[in-house]
Q: 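Please read through the structure below; I'll follow up with questions.
Naming: A, B, ... by sequence-line order, numbering from 1 per chain. Note that the structure is a prediction, hence the values are computed from the model and not measured.
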Amino acid sequence: MITTSAMATLSSQASGFTAGPGWNLVADIQDMLSFAFMRHAFAAGTASAIVAGLVGYFVVLRGSSFAAHAISHIGFAGAAGAVLLGLNPVLGVAALSLWASAGMGVLGKRLRGRDVVIGLIMAASLGLGYLFISLYTGNAQNAYAILFGQIFGITTGAVLITIGTSVIVLSLLAAVYRPLLFASLDEEVAQARGIPVGALGIGFMLLMALAVSEAVQVSGVLLIFALLVAPGAIAERIARRPAAALALSGCLAVLITWVSLALSYYTPYPVSFYVTSLAFAGYLAARAWTAWRGHAGRSRRFAPRRQRRRDAGMRARGTATVRL
Amino acid sequence: MGAARPGRPPGPSGPARPPADPGSGAVIEAAGLAAGYGGRTIWSGADFQVGAGEFLTVLGSNGAGKSTLLRMVLGLLPTAGGALRVFGQPPRRGNPGIGYVPQRRALDPDLSISAEDLVGLGVDGHRWGVRLSRRNARQRREAVAGALAAVGAARYARRAVGRLSGGEQQRLLLAQALVTSPRLLLLDEPLASLDLRSQQAVSQLVAELRAQQDFAVVFVTHDINPVLSITDRVMYIAGGRVSVGTPDEVITSENLSRLYQAEVEVLSDSRGRLFVVGLEAETVHPHSPVSPAGVQP
């Protein structure tokens with residue numbers, strides 16, 4: 001989607017615009033970044049992708065991907081309401097998703113397994129959002145942009161807000177990194193070790209709401225799953241160390257965003273289509289790879305060695321057993 | 001208290017330990033302790049002490065309030081009456097002297113985090129921020145390697161935890177609880193959902209580690225037989241009552257019949273395994289009569 005401001009930029013530089021890639025990578029990238037709307041898209045897309053990738057890893061670890069999905073849909077009502085009131089839709093998303101995530105965080109454990117309740121609230125919010133959109137007499141393009149992303153229309157101010165939000169979210173994530181990891185993997189032991197798991201859960205939901213608000217600009221509320229959950233899910237399957245998993249998740253999200261922006265620039269198809277397709281393809285590839293690795297490992301190396309060691313262990317334990 | 005077991009030679013913890021000095025050396029002291037939630041009492045009138053290095057087995061059916069005892073000791077749940085002191089202090093959250101392994105649920109099979117990192121959470125997982133100092137990273141690595149070696153898990157230190165067996169995961173959680181060298185280890189149903197061979201191996205491991213590191217153990221289970229040989233004393237929770245003593249004192253037909261005012265019979269087979277009959281409503285029985293390593297009297 002190219003909004004009027006971006007169209008203006010585009011037409012003002014029309015002399016430099018080429019319809020397709022020249023298959024010279026440096027020249028193509030230079031060409032692409034000669035447009036302000038593309039520079040804006042890359043800056044905001046990168047900032048929100050890093051946040052989505054890092055927050056998304058914890059979303060997957062904590063099993064809150066449905067909550068993330070629901071928060072984005074609740075955010076849609078906020079965006080539509082903001083459009084109706086003549087405000088920035090992303091601020092509407094942020095306001096309502098922060099409120100919703102705080103509510104979910106406070107309910108916490110009691111909400112676990114209550115997919116029906118979350119789903120109904122989500123559907124009601126979508127309906128409310130649709131009402132706001134139909135009441136709005138202006139450009140229907142705005143609603144479309146909230147649902148499916150609007151990264152090519154982003155203004156300089158919005159880029160700066162996105163980058164600022166990313167810096168805040170990443171700083172907070174770094175501050176709670178170890179206890180959040182502990183609580184995400186083993187809440188009971190974490191609580192016994194003195195970690196305030198309840199407060200941490202609410203705090204994480206708020207970070208998730210900010211990440212959702214940012215990522216909505218790239219992929220829209222309907223397609224948020226791709227950018228927020230897929231890189232984390234791939235990293236969870238592949239990486240052995242949590243730090244490596246976070247790095248992988250962040251890099252994947254950025255890579256997906258960059259490639260999608262570039263593909264969308266050279267083709268008539270929208271960014272969020274590429275984001276979701278690349279994310280899905282990446283997840284399938286990760287599953288295939290882990291399945292192949294597991295299979296190869298079992299058949300070639302691990303099984304015989306494991307069996308030998310188990311036998312040795314049984315013998316060792318047999319001699320150490322104290323009989324009364 | 002380790003030696004106060006009439007009719008039983010010393011367990012694998014080695015020679016007789018001097019009895020815990022009541023009041024000062026006790027790890028847990030309870031007087032008239034009651035447990036419950038929201039005004040409802042689950043059990044009450046528990047008077048007992050757990051001495052340093054002692055092995056206490058807590059028996060009872062599901063819902064009898066065994067885990068509740070652990071949660072009170074951890075400071076996660078207030079007592080419903082009476083007095084409870086841990087290391088001579090009121091219970092508090094995050095007590096570094098306590099290692100805790102909650103009731104096991106299988107880890108996500110897709111979870112690719114390595115065993116090392118799971119155990120490492122026990123070292124500094126409760127600290128805020130990210131790990132920055134290289135010296136801390138080295139100390140952490142050494143502590144984790146030591147704990148993994150102690151539980152016999154060194155060979156799968158770098159494997160993904162989701163792909164390990166139940167017994168292997170249980171060893172890792174034990175290593176995570178022991179990595180800070182606690183003086184008290186709380187184990188909640190560590191043998192549940194393990195096969196008999198792993199049950200025996202985990203019980204044996206706990207006994208060996210206690211002999212080396214000299215921590216007290218509170219071992220919650222519904223089947224005493226795998227730990228009968230290493231238990232110093234037994235706490236039997238059923239029907240809102242708690243009775244504590246040596247296995248010979250507590251698990252007898254007369255005592256359980258008197259306690260629960262029902263005709264309870266304790267049977268012992270040729271290998272010394274105990275079977276409680278008559279508390280079916282109160283007590284879950286051993287799942288299987290076969291126990292490979294056996295417990296001989």
Side-chain angles (χ1 to χ4, degrees), chain A residues 60-63 171 173-197 200 233-246 248 286-287 290 293-294 297-298 302 305-306 308-310 312-314 316-318 320-324, chain B residues 8-12 70-71 74-76 92-96 98 100-103 107-108 110-114 116-118 121-122 124-131 152 155-156 158-161 163 173 176-177 180 186 188 197 200-201 204-205 207-208 228-230 272 293-297:
Chain A
V60 173
L61 272 191
R62 299 174 69 83
S171 313
L173 204 58
V176 299
Y177 170 60
R178 281 185 289 186
L180 182 63
L181 185 68
F182 203 163
S184 304
L185 287 171
D186 198 335
E187 193 174 83
E188 274 181 86
V189 178
Q191 193 184 19
R193 290 298 302 271
I195 295 172
V197 290
L200 208 56
I234 294 169
E236 193 218 13
R237 293 189 75 90
I238 289 179
R240 284 279 184 278
R241 315 219 67 121
L246 279 170
L248 178 62
R287 279 203 81 110
T290 48
R293 189 177 62 179
R298 265 196 298 282
F302 291 125
R305 194 202 291 166
R306 209 164 145 187
R308 274 203 305 279
R309 280 180 174 162
R310 190 179 292 149
M314 284 301 292
R317 270 198 295 280
T321 305
V322 177
R323 288 167 184 271
L324 297 181
Chain B
R8 258 166 223 281
L70 298 190
R71 291 181 65 77
L74 286 165
L76 298 177
R92 66 181 174 91
R93 283 182 190 205
N95 194 328
I98 303 180
Y100 173 47
V101 179
Q103 196 161 357
L107 295 164
D108 178 2
D110 284 347
L111 191 62
S112 68
I113 280 192
S114 72
E116 277 178 320
D117 283 296
L118 190 74
L121 289 173
D124 61 358
H126 60 292
R127 295 190 191 282
W128 297 101
V130 292
R131 197 178 315 108
R155 71 191 163 84
Y156 42 85
R158 289 177 191 279
R159 297 258 307 275
V161 289
R163 288 176 168 261
L173 296 176
Q176 189 194 59
T180 50
L186 306 179
D188 197 349
R197 184 179 288 185
Q200 211 58 45
Q204 200 61 47
L205 179 64
E208 284 163 13
L228 193 57
S229 65
I230 53 177
V295 184
Q296 281 113 41

Q: Determine whether A/L200 and A/I195 make a side-chain contact, defined as any pair of heavy atoms from C-beta on separated by less than 4.5 Å.
A: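 In contact.
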Q: Of the listed residues (A/P179, A/A174, A/P242), which shares the most heavy-atom pairs with chain B below a 4.5 Å separation?
A: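 Greatest number of close heavy-atom pairs with chain B: A/P179.
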Q: What part of A/A235 gets within 4.5 angstrom of chain B, counting heavy atoms only: side chain, backbone, both, or neither?
A: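 For A/A235, the backbone is the part near chain B, not the side chain.
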Q: If you measure from CG on B/L111 to CG on B/L118, what distance do you get to the nearest 0.5 Å?
A: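 Taking CG in B/L111 and CG in B/L118, the distance rounds to 8.0 Å.
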Q: Considering only heavy atoms and a distance below 4.5 Å, find which of B/R127, B/E116, B/Q176, B/Q103 pairs most often with chain A.
A: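 Most heavy-atom pairs under 4.5 Å with chain A: B/R127.
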Q: How about B/T180 and A/R193: do any of their side-chain heavy atoms sit closer than 4.5 Å?
A: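 Counting from C-beta outward, B/T180 and A/R193 do come under 4.5 Å.
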Q: Drop me the distance from B/Q204's CD to B/I230's CD1, to the nearest 0.5 angstrom.
A: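 B/Q204 atom CD to B/I230 atom CD1 measures 7.0 Å (nearest 0.5 Å).
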Q: If you count heavy-atom pairs under 4.5 Å between each of B/L186, B/V130, B/L74 and chain A, which one has the most?
A: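 The residue among B/L186, B/V130, B/L74 with the greatest pair count is B/V130.
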Q: Given the options A/A175, A/A244, A/G194, which has more heavy-atom pairs under 4.5 Å with chain B than any of the others?
A: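 Option with the top pair count is A/A175.
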Q: Residues two or more places apart in sequence or in another chain: which of them pass salt bridge (Lys or Arg N to Asp or Glu O under 4.0 Å) with B/D124?
A: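 Once residues adjacent in sequence are excluded, the partners of B/D124 under the salt bridge (Lys or Arg N to Asp or Glu O under 4.0 Å) criterion are A/R178, B/R131, B/R140.
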Q: Is it the side chain or the backbone of A/L61 that comes within 4.5 Å of chain B heavy atoms, both, or neither?
A: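 Only the side chain of A/L61 comes within 4.5 Å of chain B.
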Q: If only side-chain N and O atoms count, and only distance matters, is there a donor-acceptor pair under 3.5 Å linking B/S114 with B/R158?
A: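 Per modelled atom types, B/R158 and B/S114 side chains form no pair under 3.5 Å.
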Q: Counting only non-hydrogen atoms closer than 4.5 Å, does B/I113 touch chain A with its backbone (N, CA, C, O), its side chain (CB onward), both, or neither?
A: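 Both parts, backbone and side chain.
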Q: What residue, out of B/G94, B/G129, B/S112, has the most heavy-atom pairs lying under 4.5 Å from chain A?
A: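 The residue among B/G94, B/G129, B/S112 with the greatest pair count is B/S112.
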